[in-house]
Protein chains: 2
Amino acid sequence: MATRGRPGPRRTLTEDELLDAALQLLDEGGQASIRGIAAKVGVAPNAVYTYFPDKSAVIAALIERLLGDADTGGFADESRPWRERIEALALDLRANLVAHPGAGALLMSGPMDGPRTTALNERLLGLLIDAGLDPADAARSTYLLIVYVLGSIALEVADETDPGPLPPEDARVARRRATYDQIPAEVFPRSAAAGPTMARFITTEQYLWGLRRILDGIKG
Amino acid sequence: MATRGRPGPRRTLTEDELLDAALQLLDEGGQASIRGIAAKVGVAPNAVYTYFPDKSAVIAALIERLLGDADTGGFADESRPWRERIEALALDLRANLVAHPGAGALLMSGPMDGPRTTALNERLLGLLIDAGLDPADAARSTYLLIVYVLGSIALEVADETDPGPLPPEDARVARRRATYDQIPAEVFPRSAAAGPTMARFITTEQYLWGLRRILDGIKG
DNA sequence: AAATAAATTGTACGGTGTACAGAGATAGTG
DNA sequence: CACTATCTCTGTACACCGTACAATTTATTT
C-alpha cells in the first residue's frame, strides 16, 4: 500500500523516446525488438522494462501511436458530409500506417483494445448514428469499416521487410529453395485477364473504391 | 546443370507430417516454431530445412493448408445463387481458421500469394464475372471480399494464445504492470450504449451481416 | 547526513532461426 | 559386387530474442 508516498529519482528516458526508437527500427526494416530499442537509445536491454512491463505493452503503445489521433484531419471537420469524413479518416490511417513497413503485421498481431482504438471506434460510431443509422447497425458497420481499413492496410504492408543484400547462402540451401519455388503454378486465365488483384500493393483508388462499396452497402 | 540424373535416398518424413506437427503445436496454443515442429516429429531442428527453405516457407505452406480447397463445400455447388455460394465459402474459411488459434496472426504476417490463395481469388473472380459484374469491378470486389473475410478472422482470432499459468512474476514487474494498466480509461458512452463492437470475438451473425453489406455494395 | 525509492546495469537462462560440416543411408552405375 | 553420386539427418555453433534476479547508481524526501 505504499504507506507514505516517498518520491523518486532521476528519469532521463521517456516512453516516447523508446517508441521513437522502435519506430525508427521499423522504418529501417528492423524488428522493433526490446534489445534493438534499448541499443538505439543507448541503454541496457532491461532498462526498457522500467517503462513497459513487457514487449506486448511496447507493441500496444506503438500501435496507439501509429493510429494517431482520430480527432485531427479531415475527420474532425463536422461540417463535411459523413461519407467524406470517413474517407478522410481512412486515408489518414492509411497514410500513417503505410509509412512504416511492418506496422501492418504489428496491427494484426494483437487485440485491438487500446484507448486510441476504442476512441476511433467511438468516433466512427457517433458519426454513423448521427448519419441516421440505427445504433445496432451503426455498431456493426463500425466493425466492418475498421476491419476493412486495418485489414487492407495490413495485407498491403505485410512483409515488406527488406530481404537485404542476400548474403552468400549455402549452396545446398539454394538448391532446396530452387526446388521449393517450383510450385505447380497452374494458369489462372481469369485473374490474368482482369489484371492484378491480389497484388501486395493496391492503389489509393482501389482502396477508396472498396471503402465506398462498403459505405454503399451500409447506407443502402 | 545436374548433368546425369542420379537419384536418391531414403525419405521417411514428408512435408505434410511437418505441417501436421505445426498445426498440432498451434492447436496446443504453441508457436509453430521450427524447433517445435522438429521436436514433435522427433528429429533434429535443422532436419526441417530439408523440406522447407526457411520458416516463412513453412508458414506459407501452413496457410495454404488452412485455407483448404476452395472447390469443396457450398461454394462448389454451382446451382445455388452466387450470394449464397460466397456466403458458404466465407463460412467455410471462417470455420477452418477459427478452429486453430494463432492462424489469424499467421495469415496477416506475410504476402498472400500462394497457389491456394490464388486459386481462391480466381474462383471468386469467376463467380462474380458470371454474376454479371464487369471484370474490373469483379477484380476489385474480389479483393474487397478477401480483405473482409481474412481480416475479420485475423482480428477475431488474434492473440488468443493462452497466457498460461502466469508464473510468480517479479514483484517489481508486477508493480510496473499495475502502473501501466492504469490507462486514462475515459468513458465512451456511445460504445457502451450500442453494445460490444470491438470485441475480440464476433458472432457468426455479425460476420455474415458485414459480408452481406459488402455484397449489397458490390451489386448495387 | 541518512534513509528511501526509483532507474539502470551485469549476468544469466531458455528460447528462436539457421549456417556449416560431417555421418549415414540409398540408389544407379561400372 | 564395389563404387560413387546423392540425398537425409545430426552435431555443433552463432547470433539474436524476451526477460528474471540481484546489485549498483542516482535523486529526492526526511
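Here is the naming used below: chain letters follow the sequence lines, and residue numbers restart at 1 for every chain.
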Determine: side-chain N/O of [X] to OP1/OP2 of [N], distance under 4.0 Å, yes or no.
{"X": "B:T12", "N": "D:dC9", "value": "yes"}
{"X": "B:Y51", "N": "D:dC9", "value": "yes"}
{"X": "A:S33", "N": "D:dC17", "value": "yes"}

Integer-rounded Å distance: [N] [atom2] and [X] [atom1]:
{"X": "B:L25", "N": "C:dG15", "atom1": "CG", "atom2": "P", "value": "14 Å"}
{"X": "A:Q31", "N": "D:dC17", "atom1": "CD", "atom2": "C1'", "value": "9 Å"}
{"X": "B:I37", "N": "D:dC9", "atom1": "CD1", "atom2": "P", "value": "15 Å"}
{"X": "B:I59", "N": "C:dG17", "atom1": "CD1", "atom2": "C1'", "value": "12 Å"}
{"X": "A:R35", "N": "D:dC14", "atom1": "CZ", "atom2": "P", "value": "17 Å"}
{"X": "A:I34", "N": "D:dT19", "atom1": "CD1", "atom2": "P", "value": "6 Å"}

query: Got B:K40 and B:I37 here, is their nearest side-chain heavy-atom distance under 4.5 Å?
result: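 When only atoms from C-beta onward are counted, B:I37 and B:K40 do not touch, as no gap falls below 4.5 Å.
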message: With no hydrogens and no angle check, just 3.5 Å: does a side-chain donor-acceptor pair link B:D54 and B:S56?
response: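 Yes - a donor-acceptor pair under 3.5 Å links their side chains.
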field: Along DNA chain C (nearest heavy atom to each residue), the more 5'-positioned of A:L13 and B:K55
entry: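 Of the two residues, A:L13 wins.
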- prompt: Are the side chain of B:Y207 and the backbone of B:A90 linked by a donor-acceptor contact shorter than 3.5 Å?
  reply: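 Indeed, once roles are kept as given, a pair shorter than 3.5 Å links the two residues.
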field: Smallest separation among heavy atoms of B:G36 and B:L25, with atom names
entry: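 Scanning both residues completely, I find the closest heavy atoms to be C-CD1, 3.5 Å.
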